[in-house]
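A short worksheet on the structure shown next.
Just so you know, these numbers use all the heavy atoms, side chains as well, and skip hydrogens, waters and symmetry mates. Quantities reported herein were computed from a predicted structural model and do not represent experimental measurements.
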Amino acid sequence: MNFGGNGNATTIRCKYCSACLTVIPGERAIQCAQCNCVTRIRRGDRIPPARPPAHVPPAFQRARGKKRAVLIGITYAGMRRGCGELRGPINDVKCMRNLLCQRFGFPSECIIMLTDDQRDPFRLPTKENIRMAMHWLVQGCSYGDSLVFHFSGLGAQVADDDGDEADGYDEAICPLDAFQRGPILDDEINEAIVRPLVHGVRLHAVVDACYSATVLDLPYVCHMSRNGFWQWEDESPPSGAWKGTSGGHAVLISGYSEGKSNFAMMPDAYASVGAMTHSFIRALECEPRGVTYGRLLTSMRAIMKNRGGGHDLQGPIGAPIHTVANFSGVQEPNLSSSEMFDIHRKPFVL
């Protein structure tokens with residue numbers, strides 16, 4: 001890599017197509033607008049990022065009840081050269097908001113929605129806004145808090161450079177400005193919303209994106225067979241880095257995929273919903289309250305296998321939905337956690 005610039009930014013060559021990329025100081029990876037691949041920035045060349053701004057925008061000065069959520073949906077309209085935009089992420093956010101408010105009692109004023117159809121610049125899902133939203137979600141968390149983080153959009157894989165990934169790759173989510181600022185790596189997500197969780201705080205993350213299986217870098221992954229047999233596997237970093245909480249409990253429901261996306265091009269941007277988000281909401285609609293994690297995963301798997309279950313989401317939760325689009329290429333749900341538990345006995349509670 002050849003670095004240069006004026007001190008505020010540097011330029012590097014894309015590892016895959018050799019295109020010239022401009023890197024903002026402090027970033028760890030950059031996504032190429034030409035080939036969509038992600039190039040890791042060497043640790044020795046990174047400049048520590050600046051501290052969060054002292055002034056918090058009005059969009060993040062929300063009520064801080066015991067139940068709060070950050071919901072992110074990105075279509076990348078006009079951003080992805082030659083690939084078109086995703087159809088579904090914004091609807092995913094709307095449906096998740098309805099689910100949280102109507103079924104689980106989340107106050108609407110305690111939910112931050114970042115989508116790329118908004119005019120307020122602080123409500124756009126840029127890298128900086130997502131970082132601020134994650135900080136807002138966990139800041140000052142205390143016993144009894146129930147937190148939700150939902151992301152619907154594109155994921156990415158980046159070669160690991162600090163020895164904390166058994167498979168040699170970091171996973172990441174792609175903000176709206178990923179081509180300019182790079183993706184948000186699982187290392188940063190873990191540091192931002194997992195490690196601050198204190199005793200008695202629950203975090204549930206639902207991520208509908210390719211390469212999202214362990215995007216929170218949680219140490220335990222649950223492997224569940226077709227016949228319902230399950231087993232936790234310890235995937236703690238080989239480097240010995242701590243990826244757990246400060247006493248709280250974090251759970252990630254994501255999608256296993258091979259990174260192959262099936263982009264659904266619908267004439268109406270609000271006609272479809274992502275397969276992962278749909279199966280999660282649909283399963284919670286069909287199952288009784290207090291359903292166990294094991295039963296929830298089994299139900300989600302059946303719905304995804306049946307391409308949405310043959311039923312639209314009911315009532316105001318999914319009123320605008322007509323089509324299920326597997327834009328993330330997700331093949332089945334995946335569960336990871338900061339601690340091991342009996343998935344067929346522990347109830348799913350938000």
Side-chain angles (χ1 to χ4, degrees), residues 1-3 9-49 72 74 76 79-81 83 125-128 130-131 134 149 151-195 205 207-219 221 235-239 241 243 252 254-261 328-330 334 336:
M1 295 182 185
N2 294 318
F3 279 71
T10 57
T11 58
I12 65 171
R13 292 287 182 181
C14 174
K15 179 180 177 181
Y16 302 91
C17 70
S18 297
C20 187
L21 309 176
T22 300
V23 181
I24 303 298
E27 302 307 338
R28 303 180 62 181
I30 184 70
Q31 188 167 14
C32 178
Q34 299 293 335
C35 67
N36 290 344
C37 294
V38 176
T39 297
R40 164 80 73 168
I41 300 168
R42 295 175 299 181
R43 269 191 297 178
D45 297 313
R46 289 202 294 267
I47 303 174
I72 303 165
I74 313 177
Y76 307 92
M79 304 295 294
R80 305 176 61 249
R81 301 179 185 178
C83 299
T126 63
K127 189 169 190 176
E128 187 62 23
I130 293 175
R131 283 171 165 170
M134 290 192 296
F149 178 82
F151 177 86
S152 180
L154 291 177
Q157 270 190 328
V158 187
D160 174 43
D161 71 347
D162 54 11
D164 67 350
E165 297 289 346
D167 63 356
Y169 290 93
D170 282 313
E171 294 180 313
I173 58 174
C174 298
L176 180 62
D177 53 354
F179 293 134
Q180 296 79 34
R181 298 294 305 275
I184 302 177
L185 304 185
D186 50 13
D187 297 322
E188 179 177 351
I189 298 173
N190 180 275
E191 183 176 0
I193 63 175
V194 173
R195 276 177 263 183
V207 179
D208 196 340
C210 54
Y211 300 118
S212 64
T214 58
V215 76
L216 259 65
D217 252 1
L218 299 176
V221 177
E235 295 195 358
S236 299
S239 65
K243 296 290 185 175
L252 167 65
S254 57
Y256 168 78
S257 71
E258 296 177 348
K260 298 177 181 179
S261 300
S328 61
V330 170
N334 191 78
S336 57

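Side chain of S254 to main chain of A213: a donor-acceptor pair is present (N/O by atom type, distance under 3.5 Å, no hydrogens or angles). Here the side chain of K127 pairs no donor or acceptor atom with the backbone of A178 at under 3.5 angstrom. In this structure, D170 contributes its side chain and D186 its backbone to no donor-acceptor pair below 3.5 Å.
We find the CD-CG distance between E171 and D187 to be 11.0 Å, quoted to the nearest 0.5 Å. For the atom pair Q157 CD and L185 CG, the distance stands at 11.5 Å (nearest 0.5 Å). Here N190 contributes atom CG and R195 contributes atom CZ; the two are 4.5 Å apart, rounded to the nearest 0.5 Å. For the atom pair SG (C174) and OH (Y76), the distance works out to 5.0 Å, reported to the nearest 0.5 Å.
Residues V194 and D217 form no side-chain contact, since every pair of their non-hydrogen atoms from C-beta on lies 4.5 Å or further apart. Contact check for T126 versus P175: no side-chain heavy atoms found under the 4.5 Å cut-off. Side-chain contact between L218 and E235 is absent, with no heavy atoms from C-beta onward closer than 4.5 Å. Put simply, the side chain of I184 reaches to within 4.5 Å of the side chain of I189, judged on heavy atoms.
Shown here are the side chain to side chain contact (heavy atoms under 4.5 Å, CB included) partners of P125, two or more places apart in sequence or in another chain: I72, I74, L114, D116, I130, L176.
Here the shortest heavy-atom pairing between R181 and R131 reads NH2-NH1, 3.8 Å. For the residue pair S212 and L252, the shortest heavy atom distance occurs at O-CD2, 3.9 Å.
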